[in-house]
Each structure stands twice: as C-alpha cells, then as structure tokens.
Protein chains: 2
Amino acid sequence: MPKPVVSESARRRRRPTKNGVVLSEDLIVRTALRMLREHGSAGLSVRRLGIALGADPSTLYRYFAGIDDLTLAIGDMLIGRAMDGWHGTGDWRADLRELGLRIHAAYLEHPQAAVLTASRISGKSHEIAADEAILGLLRGAGFPGRDAVRVYHAFIDMTLAFAALDAASLALPEQARRADEEMWQATYARLSPATHPNIAAVAPLLVADMNDSAYPAALDMLLASAAPWDCERNGSAGDE
Amino acid sequence: MPKPVVSESARRRRRPTKNGVVLSEDLIVRTALRMLREHGSAGLSVRRLGIALGADPSTLYRYFAGIDDLTLAIGDMLIGRAMDGWHGTGDWRADLRELGLRIHAAYLEHPQAAVLTASRISGKSHEIAADEAILGLLRGAGFPGRDAVRVYHAFIDMTLAFAALDAASLALPEQARRADEEMWQATYARLSPATHPNIAAVAPLLVADMNDSAYPAALDMLLASAAPWDCERNGSAGDE
DNA sequence: CGCGAAACGTCAATGGCGTTGGCATAAGGT
DNA sequence: ACCTTATGCCAACGCCATTGACGTTTCGCG
C-alpha cells in the first residue's frame, strides 16, 4: 500500500499545492459538494475535483482511500447540517416531525450529493448523534425499548428513503426532470376512463399532487399511528 | 444521427451476430438482469453486456439510445414481475399490504437492478397498471378523490423509496455489506451509556433489528392511520 | 540551527468506460 | 435475382479511477 491515508487529526504537515492551495478533508468535502451542485451527480470525478482544488487528482488518495470514502464523508456532513442547532421542545411527536423534516430538507438541499449518500450507513459522529436524539425522544415519551426501536427504525429508514427518492428526481438533468414532471400531464392525464377508470377519475388531482414530496404526509401518517401505550396495535405485523 | 433506434415491433430483419446469437430487446434486458445479479450493480457495462451477448458493444445502440434507456427498460420489467398474477381479495387494507410487499419483494429480488431503477418514473405500461390498481383499491374503499390521491402518493412513494433503500444495501459488494451489517455490533453496541444513554439502553435490540427491512412495519403504520372516514385527522398537516 | 526521515504533492501509465462514424453484408420486399 | 437498407462490426475518441515511482517540503529532534 503505497499511499496510506492519514487521519485528519494526525495530519501535521500541510504542503501547499502548485497553485498555493492548502488541502484538508473539510475543504475537499466542501469542494465536492459544490461540484455536485454545479455539475450534477455524475459530475463529481476525482480528476475534476483535483482540478477544482488546484491539485493533482492522485493527491486526493492521500486523504481518502477511494471515491467511496469520500462519499461517506459527504454524507456525514449532510447529517451534521441537518442536526445543526436543533433543540427539542418536549412534545415528542412534534419534535420527531421537526427532526424528520430537517433531515429530509438537509438532503434535498444537496440532491446530487444525497443521491450518492442517503442509503449508506457511515457510523460517523453526526449520524450517531441523530440516532441518539431520536431514541431519546421515543424513550422519553414512554415507549418501551422494543417499541422505541421499532418506531425508530421505521422513522429513520423512511426519512432517509424518501430523502433518497426525492433527491433522485431533483438531481436528474434539467431536461429529464422536466420530462418526469410532465409525465403526469402528458401520460396519466390522457388515459381513457374506459381502460383506466380510477386514474382518469382523479387525474387532475394527480397532476397537482405528484410533483410534490409525499414525505410530510407519510411522516404524519406514521406518527399518527405511533403511541407509547398499546403498541401491540401494530406489533403483530412487524416483520415479513 | 447515424444510429436510429428502431422500435422492437418495427424490427424486421434479424441478422445473427458473429457468434450466431439473434438479438432482441427482451434478450438484452434479460441478459442485463443476469449480469447485474452476477457482477454487482457496477458490473453492468455496455462492453461486458456486448461480450455476454456475443455481439459488439456498439450493436446495442441499435436497440437502446444509451445506457439510460436500457435502465428504464429494466425497471419496467421489474414492475411487471411484481404485478404478475396479482388479484385483489376485496379487503382493501390487506390488498394494499400485499401489493406493497409484492413490489418491494420484486425489486429486492434484483437489488443491483433496483438500485438503478427504483427512483425513476418510466410511464410505461406496467407502471400504469400498478397505479390504476392501487387507486382502484382506495376509491373502492370509499376514499374521496383527494384522500385517495394523498394515500396513494404516500403509499407508492414509500414503497419505492424503501425498495431503493433496501436494495442499495443488498447491492453493496459483499465486503462492504458485511461491514455495514456489523456496524451496529461494532460501533453502536459499544457506545458508552454516559455519552449515549439512549442508544446504550437499547443496543441489543438495535443489533437484532436494524439489519432487517423496516418496510413492513412502516407500511403497517401507514395503513393503520389511513381510513376512508374522518381523513381530516391527518389532513391538516399534508404539506410542508 | 541544521539534519534526516517521512509526509505529501506530482507525474506518467494502465486498463476500463460510453459513445460515435464509417463500413461491409446479409435480409426482405419486389 | 436485385436493390435497399437494416443491422452488426471495427477503430477510435475522450473520459474515468487508481497506482507506483519520484521529488520536494516540512517538521521533530538533536
């Protein structure tokens, strides 16, 4: 292994690149985020990132073991931003709702990055902090451990799953995104009532609704059915 | 445009390749699915697909405008398989549950393909058939149009979102997948009760639960809070 | 203050990728 | 049997991630 990756904290010597830029993990991740926003989710490459930083592409392998490592670091930064400045109010349901919307929003702010990271588990500090906060809310509300874990699992996976799904359509190239948005108008709204009576019956509503995220509605439905008492209501059907 | 793509139905001349293989859209898509399963989601490339088919890579551009086109065709096949042979029973809640689990399962049967396609809207026939069926169940249950659309939207997006999320972890290279699964044991289960009291309190439950899909539980919670009467219960919080 | 080790940026190269334009040929309608 | 043209093949272009060797700068230590 000719290029061992040195952890950020152990890094001591900072040698500027040819162009005078002093590198750091944080600078690299922030630059990657900017490139993703500007050039789309396929626009991030080691070569381009190197150029944007004024450094040789191979230099980045001194900081990250590969592009996958870099991806995880980007994801951790997104979760960190979601949790930044959050405080509970004491109303667990409202707090969970707020937390979910924050995470969802933080990912959608960088859709191209979210696409790459939302379905990864990083195990880094910000992710852990979020999990601790969610479990704290549920256990504080009186959910027994088993049910707290069940609701936590459904909550966090649903939030990340919607973040990934919604980010994916936002991250499409402009042309493809428009095509997708107009699909409801162009295809679904034109189906005959004879062959597709149900779609035809609600076509205008579909056109109006389908281009917004369903996450808030789904989140509310999930929270509405969660209660620290009588959890057995859903308990019998908790696995495949 | 030197290579116009001819639609499958208009295709008339079938000239075998050097190796004697007769190509077709269907054969290409099925071969692509097999390659995805065998070589992982990064293992599908035009070149390899060409080799697997015994044809020159560039030949595929006679059938699909690009790799994106091929991706959409793969997705359509997956939805088709999910709906294949489905019949309603008359119990709308049970039927929706069954339908959701079927779609989820169909995608997870080809995780590497699901990763590429689950967040795309194809607007092709199988997708439309699924949407018609879901809306039919809800309207048949007595949901007024507005609420039918709201529940439909939450249901289908949640199902596809979970399919994409769960497929993503199944599609990771074996080594990375193991690392993710052991993350709960290796990282979360070792956190100190002093700094992370809530995670520590339920750590064994987390280790046991987090490697299964939360989709069935989340689906049940969503269905539990949906009812054709008194939909205003959740209605006030239906958008951001 | 200066020396030596090694951290870190750079260079060059490898093998893969999607995609394209030109070309040869065999298939099908006539 | 012929002619058109659909269709497969070839060669090439410009990307990509990653690696190994190399040179230079930096820092801890004496």
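Order of the sequence lines fixes the chain letters, A, B, ..., with proteins taken first and strands second; residue numbering starts at 1 for each chain. All of these numbers come straight from a predicted model, not from anything done at the bench.
- Regarding contacts with the backbone of C:dT19, every side-chain N or O of B:S58 stays at 4.0 angstrom or more from both OP1 and OP2.
- Partners of A:A130 by side-chain contact (heavy atoms from CB on, under 4.5 Å), not counting sequence neighbours, listed by chain and number: A:I79, A:M83.
- When rounded to the nearest whole Å, the span between CZ of B:R62 and C1' of D:dT7 equals 5 Å.
- Residues satisfying the salt bridge (Lys or Arg N to Asp or Glu O under 4.0 Å) test with B:D69, not counting sequence neighbours, are none.
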Between the protein and nucleotides 14-18 of chain C, list every N/O to N/O distance that falls short of 3.5 Å.
from, atom 1, to, atom 2, distance (Å)
C:dC17, OP1, B:S45, OG, 3.0
C:dG18, OP1, B:V46, N, 2.9
C:dG18, OP2, B:V46, N, 2.8
C:dG18, OP2, B:R47, N, 3.3
C:dG18, N7, B:R47, NH1, 2.5
C:dG18, O6, B:R47, NH1, 2.9

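- Taking the salt bridge (Lys or Arg N to Asp or Glu O under 4.0 Å) definition, one finds that A:R30 meets it with A:D26, sequence neighbours left out.
- Residues passing the salt bridge (Lys or Arg N to Asp or Glu O under 4.0 Å) test with A:E181, sequence neighbours excluded: A:R177.
- Rounded to whole angstrom, the span from the CG atom of A:L49 across to the C1' atom of D:dC16 amounts to 14 Å.
- Residue pairs meeting the side-chain hydrogen bond (donor to acceptor under 3.5 Å, both in side chains) criterion with at least one member in residues 42-51 of chain B, sequence neighbours excluded, do not occur.
- If you take CD1 of A:I28 and C1' of C:dC8, they are 12 Å apart, rounded to a whole angstrom.
- Partners of B:F64 by ring pair (Phe, Tyr, Trp, His ring centres under 6.0 Å), not counting sequence neighbours: none found.
- Within the structure, every pair that satisfies the salt bridge (Lys or Arg N to Asp or Glu O under 4.0 Å) test and touches residues 98-112 of chain A, not counting sequence neighbours, is listed here: A:E98-A:R102.
- Minimum interatomic distance between B:A154 and B:L222 (heavy atoms only, all atoms of both residues): CB-CD1, 4.0 Å.
- The stretch residues 50-57 of chain B comes close to DNA chain D through B:A55, B:D56, each having a heavy atom under 4.0 Å from the strand.
- The distance between atom CG of B:L60 and atom P of D:dT7, rounded to the nearest whole Å, is 14 Å.
- Between the C1' atom of D:dC9 and the OH atom of B:Y63 lies a distance of 13 Å, rounded to the nearest Å.
- From one end of the helix from C:dC1-D:dG30 to C:dT30-D:dA1 to the other, with five pairs defining each end axis, the axis direction shifts by 20° (rounded to 10°).
- The closest side-chain heavy-atom distance from B:Y107 to B:T159 is not below 4.5 Å.
- In this structure B:Y215 satisfies the ring pair (Phe, Tyr, Trp, His ring centres under 6.0 Å) test together with B:H104, B:F162, sequence neighbours excluded.
- Of the side-chain N and O atoms in B:T59, one or more sit less than 4.0 angstrom from OP1 or OP2 of D:dC9.
- In this structure B:D212 satisfies the salt bridge (Lys or Arg N to Asp or Glu O under 4.0 Å) test with no other residue, sequence neighbours excluded.
- Atom-to-atom, CG of A:L23 to C1' of C:dA7 comes out at 13 Å; the value is rounded to the nearest Å.
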